[in-house]
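Numbered from 1 within each chain, the chains take letters A, B, ... in sequence-line order.
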Number of protein chains: 2
Amino acid sequence: MPAESKVEARSVRPSSPPLTERQEARRRRILHASAQLASRGGFDAVQMREVAESSQVALGTLYRYFPSKVHLLVATMQDQLEHMHGTLRKKPPQGETAAERVAETLMRAFRALQREPHLADAMVRALTFADRSVSPEVDQVSRQTTVIILDAMGLEDPSPEQLSAVRVIEHTWHSALITWLSGRASIAQVKIDIETVCRLIDLTDPGASR
Amino acid sequence: MPAESKVEARSVRPSSPPLTERQEARRRRILHASAQLASRGGFDAVQMREVAESSQVALGTLYRYFPSKVHLLVATMQDQLEHMHGTLRKKPPQGETAAERVAETLMRAFRALQREPHLADAMVRALTFADRSVSPEVDQVSRQTTVIILDAMGLEDPSPEQLSAVRVIEHTWHSALITWLSGRASIAQVKIDIETVCRLIDLTDPGASR
DNA sequence: CGCTAATCTAGAACAAGTTTCAGACTTGAT
DNA sequence: ATCAAGTCTGAAACTTGTTCTAGATTAGCG
């Protein structure tokens, strides 16, 4: 009955209905345009009309794929996170302790973001500005981040305390990024904050190699 | 030469030019209207036209006092934070360790926010969405928060490590609030995160009473 | 008091996110 | 090949933050 089947965009989570090739292509064009515009001028430069035009899609269609600007930018972030995770996987961190490895990984990610500060601005602002209607997508980003951190820790089955520590690390990561993006903290400051919070890991993992 | 002298609103920081009585009254009406509307429907419910109308001020005047919606909401937060600090001061936390006292203080603040979740939503979203143009005001909020935490710790002159810990606690506090406000974390979860991050204090303060 | 500069007001105008709609186009099934 | 249902397009409309303007008010000063 449907034509190009249903929509509902997802990146790693092609849960609901599968997309037509042309739909997949559209989705990709949109995300590409979004990232491109964001790389220029950050959150404000991602204007829905421009995204639509750049990706050769009608405005209504754009809104069918991504029901709001925030949805679009969060999806863009998911997209970028995948790249990131792939990249990080290739060269695992060198640190001795779990805390060092996590800090190293986050700093590596941070340096990547520094290369595209405007893009980082757009994604992070969208992420923290997102309201309840975007919760599922934001949650997905959060889970992905958790995976990256656990990866760096090199744990099989983390304890509840360790999961709490990871949650706090994520909090710090997001908030520190924001203070950096809004010019209220220096890069060095962010580094210190990350290293400080990572100490929590050793605190919650008595069996860490020292 | 000027009439009602100059404007430039501030709360605890009447730095630049002092305000006329009528101006002070206007400013107060505006902040009151802002908090009232925010208490109803959160960030979205604070509509500049409505704030202007509620506070009996022309739209242009509103923008003269607060150059953007985010500025207005951040100022509203400063205002609320003062109350909060005053209230907290009266009954200092009971905990034995600094970590316990800080956690207790933050949880007390958290409970206050729970009583007006919409207001909390408006203020916190504004805070994290703020761009560079609002940095001074956001920074002021941050400083005020730092003071509250240091107060709870009961320290005279904190070490750099301790200040780092406080910074991380603030990061966690903000970010945890956001996850709670957007329905991605339960109240219990926030509590755990706060308690977890507060452990950093003991970690950085070897001389803590135990 | 009378002046002058600054402030305030009412309201129009503009910008960008979001919604809506009629009509053209695709798709999968018969 | 044809049809029904779902999609896409282009364009207009609507909402809310922000800016602008002309004229009325106000404050402080000589």
Side-chain angles (χ1 to χ4, degrees), chain A residues 1-9 16-27 29-30 33-34 37-38 40-74 122 125-126 129-131 133-134, chain B residues 1-9 16-27 29-30 33-34 37-38 40-74 122 125-126 129-131 133-134:
Chain A
M1 300 92 161
E4 302 193 25
S5 88
K6 292 207 188 143
V7 176
E8 267 289 302
S16 336
L19 300 184
T20 296
E21 260 186 42
R22 308 183 55 189
Q23 291 182 318
E24 189 55 49
R26 266 184 215 115
R27 181 163 196 286
R29 285 205 306 279
I30 293 173
S34 168
L37 288 171
R40 292 231 208 310
F43 189 88
D44 294 329
V46 180
Q47 303 195 352
M48 297 305 266
R49 282 174 243 261
E50 284 206 40
V51 172
E53 194 174 350
S54 291
S55 49
Q56 303 266 284
V57 139
L59 191 55
T61 305
L62 171 53
Y63 273 95
R64 174 187 274 278
Y65 280 71
F66 303 97
S68 79
K69 175 170 172 170
V70 168
H71 280 85
L72 170 58
L73 285 173
V74 171
R125 296 262 292 287
F129 190 57
D131 65 4
S133 72
V134 204
Chain B
M1 300 94 160
E4 301 193 26
S5 88
K6 292 203 187 148
V7 176
E8 267 290 303
S16 334
L19 299 184
T20 295
E21 260 188 43
R22 308 185 54 191
Q23 291 182 318
E24 190 53 50
R26 267 184 215 114
R27 180 163 196 284
R29 285 205 305 279
I30 293 172
S34 167
L37 288 171
R40 292 233 208 309
F43 189 89
D44 294 330
V46 181
Q47 303 196 351
M48 298 305 268
R49 281 173 244 262
E50 284 206 39
V51 173
E53 193 175 350
S54 292
S55 49
Q56 304 266 284
V57 141
L59 191 54
T61 305
L62 172 53
Y63 272 95
R64 173 186 274 278
Y65 280 71
F66 302 96
S68 78
K69 174 171 173 171
V70 169
H71 280 86
L72 170 58
L73 285 173
V74 170
R125 296 262 294 286
F129 190 57
D131 65 5
S133 72
V134 204

Atom-pair distance ([atom1] on [X]; [atom2] on [N]), nearest Å:
X	N	atom1	atom2	result
B/Gln47	C/dG17	CD	C1'	14 Å
A/Met48	D/dC14	CE	C1'	16 Å
B/Leu59	C/dT7	CG	C1'	15 Å
A/Phe66	C/dT18	CZ	P	13 Å
B/Gln23	D/dT25	CD	C1'	13 Å
A/Phe129	C/dG17	CZ	P	12 Å
B/Lys69	D/dT19	NZ	C1'	17 Å
A/Tyr63	C/dT20	OH	C1'	13 Å

For the [atom1] atom of [X] and the [atom2] atom of [Y], what is their distance to the nearest 0.5 Å?
X	Y	atom1	atom2	result
B/Tyr63	B/Met48	OH	CE	4.0 Å
A/Ser54	A/Ile30	OG	CD1	11.0 Å
A/Glu53	A/Leu62	CD	CG	12.0 Å

> For B/Val46, which contact category applies under a 4.0 Å heavy-atom criterion: base, sugar-phosphate, or nothing?
Replying inline: sugar-phosphate

> For B/Gln56, which contact category applies under a 4.0 Å heavy-atom criterion: base, sugar-phosphate, or nothing?
Replying inline: sugar-phosphate

> Do the ring planes of A/Phe129 and B/Phe43 sit parallel (below 30°), tilted (30 to 60°) or perpendicular (above 60°)?
Replying inline: perpendicular

>> Taking atom types as they are modelled, would you say the side chain of B/Arg22 forms a donor-acceptor pair with the base of C/dT7 within the 3.5 Å cutoff?
In response: no

> Is a side-chain donor or acceptor of A/Ser68 paired with a backbone partner of A/Val70 at a separation under 3.5 angstrom?
Replying inline: yes

>> I want to confirm an ordering. Mapping A/Val57 and A/Arg49 to their closest nucleotides on DNA chain D, which one lands closer to the 5' end?
In response: A/Val57

> Are any of A/Tyr65's side-chain N or O atoms less than 4.0 Å away from OP1 or OP2 of D/dT7?
Replying inline: no

> Of the nucleotides C/dT7, C/dT9, D/dC8, which has the atom closest to the A/Thr61 side chain?
Replying inline: D/dC8

